[in-house]
Amino acid sequence: MKLLIGIIGTGWFSKVHAKILSEMEEVQLQAVCGTSIVKAQELASEFNIASSYDNVSEMLEKERLDAVYILVPPMSHGEIEMQLIERGIPFFVEKPIGLDVEQPSRILTAIREKSLITSVGYHFRYSDTVTQMKAMLAQMNIGMITGNWMGSMPQVAWWRDQERSGGQFIEQTTHLVDILRYCVGEIEEVYAMYGSQVMHKQFEGVTAADVGTVTLKFNSGIIANVSNTCVLPDGVGKVGITFYAQEGMLEWDTKNLKRTTGAHSTSEITNVVNPYKAENEAFIHALKTGDRGRILSDYEDAYKTQQVTVAALKSAKSGTSIHVEGNHSHDVE
């Protein structure tokens with residue numbers, strides 16, 4: 001028996017996941033729901049999906065789905081998740097899981113009550129460079145960390161709107177926060193400064209900050225600074241994290257991991273794993289077997305990343321440092 005999967009959303013990420021799922025023998029893409037029936041039909045036709053809808057409730061009433069992929073912008077979360085939880089349908093959801101922590105907190109409570117299988121699209125956790133970096137860092141005495149997500153502004157109207165995207169740190173740089181939590185441990189305090197320098201002069205309706213820098217204090221005492229901007233022209237940018245330790249430096253970017261332990265001692269690892277494929281395989285494996293062990297970021301874990309990114313926004317607005325509630329110390333494995 002093939003697993004019947006539904007997709008909510010018709011954007012770029014929907015195509016990324018639909019392509020991977022359509023190549024899995026144990027999966028059948030059964031239904032897609034878009035903001036319009038035309039968009040849903042276009043995705044259905046491209047990936048041989050059986051049914052198209054423009055209403056989530058209608059899709060869930062008419063289809064018997066084993067799981068659903070929620071691939072929508074940040075402002076569209078909430079009701080979709082609750083409908084799936086009510087029906088006991090497992091789901092995969094792309095990051096970020098919302099605009100705040102209040103709504104995700106309610107969703108998390110409902111997930112716990114049903115013990116529902118979930119997975120969140122923090123795909124970098126599945127790359128082999130991050131796997132190896134996590135193992136290396138466990139053997140290192142880290143002093144401090146710097147991170148950068150420097151790029152251009154995505155050309156979709158909702159992204160530049162603070163009320164719809166949550167801003168760059170919540171929508172995009174969340175990946176770096178998540179990698180840091182995964183590899184180093186929980187974060188207890190956040191201090192942020194955001195600014196609007198360029199993009200509001202270039203485009204109408206820009207209410208999201210276009211520069212920001214955030215200081216993170218881990219429960220272990222380690223300090224990190226993560227900065228981001230979206231003022232750069234297309235094709236220019238820098239995304240990565242650098243760890244400074246007693247044993248040397250680790251420099252991670254989306255393709256490579258470089259380790260420097262001395263003046264003439266450098267080694268480099270290139271990522272060969274497709275992390276999108278790996279995260280999908282982990283979720284499908286859990287649906288088939290009940291074994292959730294391969295899922296590296298479920299909703300409960302992703303909620304902790306969301307707490308940090310939302311705390312950064314609160315800090316930038318208030319001008320004070322924010323303590324992250326509930327992120328208790330734990331040792332990095």
Trainee: Side-chain donor-acceptor pairs under 3.5 Å in residues 229-244, sequence neighbours left out?
Mentor:
unit_1: Thr229; atom_1: OG1; unit_2: Asp210; atom_2: O; d: 2.7
unit_1: Thr229; atom_1: OG1; unit_2: Val231; atom_2: N; d: 3.3
unit_1: Asp234; atom_1: OD1; unit_2: Ser152; atom_2: OG; d: 2.9

Trainee: Where is the tightest heavy-atom contact between Pro74 and Ser165, given as atom of each residue plus distance?
Mentor: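 Shortest heavy-atom separation between Pro74 and Ser165 comes out as CG-O, 3.6 Å.
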Trainee: With the threshold set at 4.0 Å, does a side-chain nitrogen-carboxylate oxygen contact exist between Lys19 and Glu23?
Mentor: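 Salt bridge: yes.
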Trainee: Atom CD in Glu300, atom OG1 in Thr118: separation rounded to 0.5 Å?
Mentor: 8.5 Å
Trainee: Taking only residues two or more places apart in sequence or in another chain, which ones pass salt bridge (Lys or Arg N to Asp or Glu O under 4.0 Å) with Glu94?
Mentor: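 For Glu94, no residue satisfies salt bridge (Lys or Arg N to Asp or Glu O under 4.0 Å) once neighbours in sequence are set aside.
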Trainee: Surrounding CG of Asn141 (heavy atoms of other residues, nucleotides or ligands, distance under 6.0 Å), is the total greater than 12?
Mentor: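 Yes - once you tally the heavy atoms of other residues, nucleotides and ligands closer than 6.0 Å, there are more than 12.
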Trainee: Are Asp66 and Lys2 ion-paired here, with the side-chain N under 4.0 Å from a carboxylate O?
Mentor: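 Salt bridge: no.
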Trainee: Using 0.5 Å steps for rounding, measure from the CD1 atom of Ile269 to the CG atom of Leu257.
Mentor: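 Answer for the CD1-CG pair, Ile269 versus Leu257, is 4.5 Å.
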Trainee: Would you call Lys95 and Glu171 a salt bridge, using N to O less than 4.0 angstrom?
Mentor: yes
Trainee: A quick test of your reading: do over 12 heavy atoms of other residues, nucleotides or ligands sit less than 6.0 Å from CD of Glu26?
Mentor: yes
Trainee: Taking only Lys NZ, Arg NE, NH1 and NH2, and the carboxylate oxygens of Asp or Glu, determine whether Arg292 and Asp298 approach each other closer than 4.0 Å.
Mentor: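 Looking at Asp298 together with Arg292, the answer is no, because their closest N to O distance does not fall below 4.0 Å.
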Trainee: Using 0.5 Å steps for rounding, measure from the CG atom of Leu43 to the OG atom of Ser52.
Mentor: 8.5 Å
Trainee: Which atom pair, heavy atoms only, marks the closest approach of Lys114 to Glu86?
Mentor: NZ-O, 3.1 Å
Trainee: Charged N to carboxylate O below 4.0 Å: is that the case for Arg181 and Asp178?
Mentor: yes
Trainee: Tabulate below the donor-acceptor pairs under 3.5 Å that side-chain atoms of residues 190-206 make, not counting sequence neighbours, or state none.
Mentor:
unit_1: Lys201; atom_1: NZ; unit_2: Gln197; atom_2: O; d: 3.3

Trainee: Find the distance between CZ (Arg112) and OH (Tyr299) and round it off to the nearest 0.5 Å.
Mentor: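 Going from the CZ atom of Arg112 to the OH atom of Tyr299 covers 11.0 Å.
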Trainee: Should Asp301 and Arg125 be marked as a salt bridge (charged side-chain N to carboxylate O under 4.0 Å, His left out) after you check the CA-CA gap, both sets of side-chain angles, and the distance that decides it?
Mentor: CA-CA 12 Å; Asp301 197 283; Arg125 290 191 177 208; 2.6 Å; yes
Trainee: According to ring pair (Phe, Tyr, Trp, His ring centres under 6.0 Å), does anything in residues 34-86 pair up with another residue at least two apart or in another chain? List the pairs.
Mentor: His17-Tyr69, Tyr69-Phe92, Tyr69-Phe283
Trainee: For Gln162 and Ala209, which heavy atoms make the closest approach, and how far apart are they?
Mentor: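 Minimum heavy-atom separation between Gln162 and Ala209: OE1-N, 4.3 Å.
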Trainee: Locate the shortest heavy-atom distance separating Glu279 from Gly121; write the atom from each residue and the value.
Mentor: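 Looking at all heavy atoms of both residues, the closest pair is OE1-CA, 3.4 Å.
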Trainee: Tell me the closest heavy-atom pair linking Val32 and Ala44, and the distance in Å.
Mentor: CG1-CB, 3.9 Å
Trainee: Just jot down the salt bridge (Lys or Arg N to Asp or Glu O under 4.0 Å) partners of Glu58, sequence neighbours excluded, or say none.
Mentor: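 Only Lys62 meet the salt bridge (Lys or Arg N to Asp or Glu O under 4.0 Å) criterion with Glu58.
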Trainee: Indicate the atoms forming the closest heavy-atom contact of Thr173 with Asn228, along with that distance.
Mentor: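 Scanning both residues, the minimum pair turns out to be OG1-OD1, 2.6 Å.
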Trainee: Salt bridge between Glu247 and Arg259, side-chain N to carboxylate O under 4.0 Å?
Mentor: no
Trainee: Hey, what do you get for OG1 (Thr131) to CG (Leu296), rounding to the nearest 0.5 Å?
Mentor: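 Reported value, rounded in 0.5 Å steps: 7.0 Å.
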Trainee: Within a reach of under 6.0 Å around CD of Glu268, are more than 12 heavy atoms found that belong to other residues, nucleotides or ligands?
Mentor: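 Above 12, so yes.
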Trainee: Output all residues satisfying side-chain contact (heavy atoms from CB on, under 4.5 Å) with Arg87, sequence neighbours left out; order by chain, then residue number.
Mentor: Leu60, Glu61, Gln83, Ile89
